[in-house]
> 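Below you will find the structure I want to go over with you.
Whatever order the structure lists them in is the order used to number ligands and atoms, beginning at 1. Being a predicted model, the structure only gives us computed values, none of them experimental.
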Amino acid sequence: MPVALTIAGSDPTGGAGLQADVQVFRSLGVHGAGVVTALTVQDTAKVHQVLPSFPSVVLEQLRVLLRDMRPDAVKIGMLATDDIALNVELALETLDAPLPDSVARPPRVPIVIDPVLAASDGTELIERRAWARLQDLMRRAAVATPNLPEAAALTGCDVSSEEGVQAAATVFVSDYGAGAALVKGGHADGPPRDLLALRQGATVVFEWQGGERIPGGRIHGTGCALSSAIAARLAHGDELRIAVAAARDFVRQAIARAEAFGKQARFLAY
Ligand code: PXL
């Protein structure tokens with residue numbers, strides 16, 4: 001069974017964060033490993049508190065884990081603080097080191113970065129001063145998966161038009177160095193359209209991916225599930241475009257079957 005590693009915050013409701021990521025991994029036939037970047041105090045209504053992990057523990061957990069168990073894909077979600085983001089960046093260098101019994105560089109492990117800035121209730125899930133580190137980390141991403149507010153915040157682009165979304169996606173790929181960017185259109189009104197921007201040589205090509213809005217209102221954890229599903233498919237060896245298409249299908253079906261949990265939330269069902 002392939003292994004995917006999530007580096008993410010803990011959401012005790014299981015609707016988002018690391019708990020959701022490992023459920024998605026398993027349901028897509030991938031073993032889920034996980035390093036917790038932050039605890040949250042959270043119910044289905046809101047995030048009450050955020051408690052970042054010790055940065056040194058995140059670094060040690062990742063170094064010890066990565067020396068032992070090489071993941072086939074990595075997903076990065078909530079990073080909480082600049083120090084944690086820095087330590088994640090440092091630990092990921094372990095992935096580039098030659099394997100113990102070889103002098104050759106190991107093949108690059110695909111990394112999916114979901115640049116989580118805030119929870120739906122507005123609670124900050126990463127400190128503002130860490131945004132630059134998050135932008136810097138993008139050069140390690142096979143694909144970044146910002147939603148519209150995150151794409152706007154991290155690039156400064158006005159994403160209210162199609163051209164603006166393309167400009168933001170281009171910043172992720174051309175300026176920050178991500179291999180690709182999937183800008184998720186779910187936050188806009190009307191039928192949601194995602195934009196996949198792919199680097200092809202010196203240029204960036206765009207693919208708009210449409211869909212109808214499935215009625216029923218907001219669902220918690222769709223972003224976490226989408227990025228984890230992409231990582232799971234990449235862990236299976238899918239090419240990026242195929243992995244993104246499969247992950248979008250997976251989330252769309254899970255939205256259509258969403259179930260109510262707790263007092264205030266609907267979670268994906270898969
Ligand atoms: O959906 C963003 C998100 C990511 N990670 C954690 C969260 C949330 C939203 O609440 O709690 C841990």
> Do the ring planes of Phe250 and Tyr270 sit parallel (below 30°), tilted (30 to 60°) or perpendicular (above 60°)?
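Rings of Phe250 and Tyr270: tilted, 30 to 60°.
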> Whether Arg63 and Asp68 form a salt bridge (side-chain N of Lys/Arg under 4.0 Å from carboxylate O of Asp/Glu) is what I want to check.
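Here Asp68 does not pair with Arg63 in a salt bridge, since their nearest N and O are not under 4.0 Å apart.
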> Please list, in number order, the atoms of ligand 1 under 4.0 Å from a heavy atom of His220.
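So the answer, numbered in order with elements, is 9 (C), 10 (O).
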> Can you tell which part of Ser120 has a heavy atom less than 4.0 Å from ligand 1: side chain, backbone, both or neither?
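For Ser120, there is no contact with ligand 1 at all, from either part.
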> Quick test of your reading of the model: are Arg108 and Asp96 salt-bridged, counting only N-O distances below 4.0 Å?
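Looking at Arg108 and Asp96, the cut-off is met.
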> Going by the order shown, which atoms of ligand 1 are within less than 4.0 Å of some heavy atom of Gly9?
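So the atoms of ligand 1 that pass are 12 (C).
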> Looking at Trp131, is Arg128 sitting on its ring face, NZ or CZ under 6.0 Å from the six-membered ring centre and within 45 degrees of the normal?
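Judged by the rule (NZ or CZ under 6.0 Å from the ring centre, within 45° of its axis), Arg128 counts as positioned above Trp131.
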> Going by the closest heavy atom to atom 8 (C) of ligand 1, which one wins out of Asp121, Ile126, Asp11, Leu125?
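Heavy atom nearest to atom 8 (C) of ligand 1 belongs to Leu125.
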> Could you identify the single nearest non-hydrogen protein atom to atom 1 (O) of ligand 1 and state the distance to 0.1 Å?
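Of every protein heavy atom, Cys224 SG, 3.7 Å lies nearest to atom 1 (O) of ligand 1.
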> Could you check whether Arg193 pairs with Glu162 (Lys NZ or Arg NE/NH1/NH2 to Asp/Glu carboxylate O, under 4.0 Å)?
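Salt bridge: yes.
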> Using a strict cut-off of 4.0 Å, indicate which atoms of ligand 1 neighbour a heavy atom of Ala119.
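Result: 9 (C), 10 (O).
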> Using the side-chain contact (heavy atoms from CB on, under 4.5 Å) rule, pick out the option among Asp83, Leu79, Thr81 that qualifies with Glu127.
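Going through Asp83, Leu79, Thr81 one by one, the side-chain contact (heavy atoms from CB on, under 4.5 Å) with Glu127 is satisfied by Thr81 alone.
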> Tell me, please: is Gly77 in heavy-atom contact with ligand 1, that is, under 4.0 Å?
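No, that is not the case, since the closest heavy atom of the residue is not under 4.0 Å from the ligand.
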> Restricting to salt bridge (Lys or Arg N to Asp or Glu O under 4.0 Å), what partner residues turn up for Arg248, sequence neighbours left out?
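With neighbours one apart ignored, the set is Asp194.
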> Just need the protein heavy atom nearest to atom 5 (N) of ligand 1, so name the residue and atom and give the distance.
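Going by distance alone, atom 5 (N) of ligand 1 is nearest to Gly17 CA, 3.7 Å.
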> Gln42 heavy atoms, cut-off 4.0 Å: which ligand 1 atoms fall inside?
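So the answer, numbered in order with elements, is 10 (O), 11 (O).
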